[in-house]
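Only a predicted model underlies this, so the values are computations on that prediction, with no experimental measurement involved. The first residue in the sequence is number 1, and the count goes up from there.
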Amino acid sequence: MGMKKNYGTTSLVIILVLFSVQILWGQSYPIDQGSKIFWGGMSLQTTYGDLYEDENQNGSFNLTMNPGFGYFILPGVAAGIKLEASSSFQGNDKAYGFGVGPHLSYAYGPHSSGQVARFYPFVEANILYVEETARLSVENYLLSATMTGYKINFGVGVDYMLTESVGIFLEGLYDMESLKYKNDDETYNGNAIRAVVGIIAFIY
């Protein structure tokens, strides 16, 4: 009699464990509710010509990296965190920045069990807290200045899937940035358009 009770208890535990695993890992397509998404994007910008060069005719170079993580709260709708790291160079002048903030996106694709698309068009919006530090060479002096503020960006792009869960993406981003120097009330605003390429992975 005791053996039967033990078998019954063991069977119940196994069923509950399997049911829990199904809840945690039971997503049936990449953009299903409960799926996770990881990405890493990169944009490059170089400028030359009289409009952009400094007094020594140096052009500028900028590299921006945007990794992030999202969780699909609804089919196709992901919320998460986006990061940013940037580096800019122009002659002996350098600037470094970082940012972090909430992410929201919508991916369009099939919402049926077991269906995986080759392309997933998407739109996204982000609000980042940003901090940028510039190191400027003036005659024989090296000056450093830090600005803080926020950046709002909107993007539209498409994921191209190389496998059922890993792909590459191409995106256009529109940035709106507002920064000010520490201990200064004056705010500096600017807008930019960037093309971003990267890699994306779904866990479902």
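- Across Phe169 and Gly41, no two heavy atoms sit closer than the pair CZ-CA, 3.8 Å.
- Distance check, rounded to the nearest 0.5 Å: CE of Met42 to CG of Leu44 gives 5.0 Å.
- Of the possible donor and acceptor atoms, none in the side chain of Ser35 sits under 3.5 Å from a partner among the backbone N and O of Tyr71.
- Rounding to the nearest 0.5 Å gives a distance of 11.0 Å between NZ of Lys36 and CZ of Phe72.
- With hydrophobic clusters built from ILVMFWY side chains whose heavy atoms lie under 4.5 angstrom apart, Tyr96 shares a cluster with Met65.
- For the pair Tyr204 and Asp32, the minimum side-chain heavy-atom distance is 4.5 Å or more.
- Comment: Arg194 does not engage Glu171 in a salt bridge, judged by the lack of any side-chain N to carboxylate O separation of less than 4.0 angstrom.
- Side-chain polar atoms of Thr64 and Asn62 form a donor-acceptor pair below 3.5 angstrom.
- By the criterion of side-chain heavy atoms lying less than 4.5 angstrom apart, applied directly or through intervening Ile, Leu, Val, Met, Phe, Trp or Tyr residues, Ile127 is not grouped with Phe98; the two fall into different hydrophobic clusters.
- Taking Asn153 as the reference, Asn126, Asp175 meet the side-chain hydrogen bond (donor to acceptor under 3.5 Å, both in side chains) condition, with sequence neighbours excluded.
- For the side chain to side chain contact (heavy atoms under 4.5 Å, CB included) with Leu162, the lone residue among Ile199, Ile200, Ile168 that qualifies is Ile168.
- With values rounded to the nearest 0.5 angstrom, Ser86 atom OG is found 5.5 Å from Glu132 atom CD.
- Here the CZ atom belonging to Phe122 is positioned 9.5 Å from the CH2 atom belonging to Trp39, to the nearest 0.5 angstrom.
- In this view, Tyr160 satisfies the side-chain hydrogen bond (donor to acceptor under 3.5 Å, both in side chains) rule with no residue, not counting sequence neighbours.
- Residues Phe69 and Phe38 place their aromatic rings such that the two centres sit under 6.0 Å apart.
- Closest approach of Ala107 to Ile31, counting heavy atoms only: O-CD1, 3.7 Å.
- Hydrophobic clustering keeps Ile37 apart from Val166 (ILVMFWY residues linked when any side-chain heavy atoms are closer than 4.5 Å, directly or through intermediates).
- For Thr133, the side-chain hydrogen bond (donor to acceptor under 3.5 Å, both in side chains) partners at least two apart in sequence or on another chain are Thr146.
- Under the 4.5 Å side-chain heavy-atom criterion for grouping Ile, Leu, Val, Met, Phe, Trp and Tyr, Val196 is not connected to Leu128 through any hydrophobic cluster.
- Atom-to-atom distance recorded for Asp93:CG and Leu143:CG is 9.5 Å, nearest 0.5 angstrom.
- Classification of the Tyr188-Tyr181 ring pair by plane angle, with boundaries at 30° and 60°, yields perpendicular.
- The side-chain heavy atoms of Tyr129 and Tyr150, taken from C-beta on, include no pair separated by under 4.5 Å.
- The shortest distance between side-chain heavy atoms of Glu124 and Tyr106 does not fall below 4.5 Å.
- Side-chain atoms of Asn66 never come within 3.5 Å of backbone atoms of Gly40 as a donor-acceptor pair (strictly under, hydrogens ignored).
- Note that the CZ atom of Arg135 and the NZ atom of Lys94 stand 9.5 Å from one another [nearest 0.5 Å].
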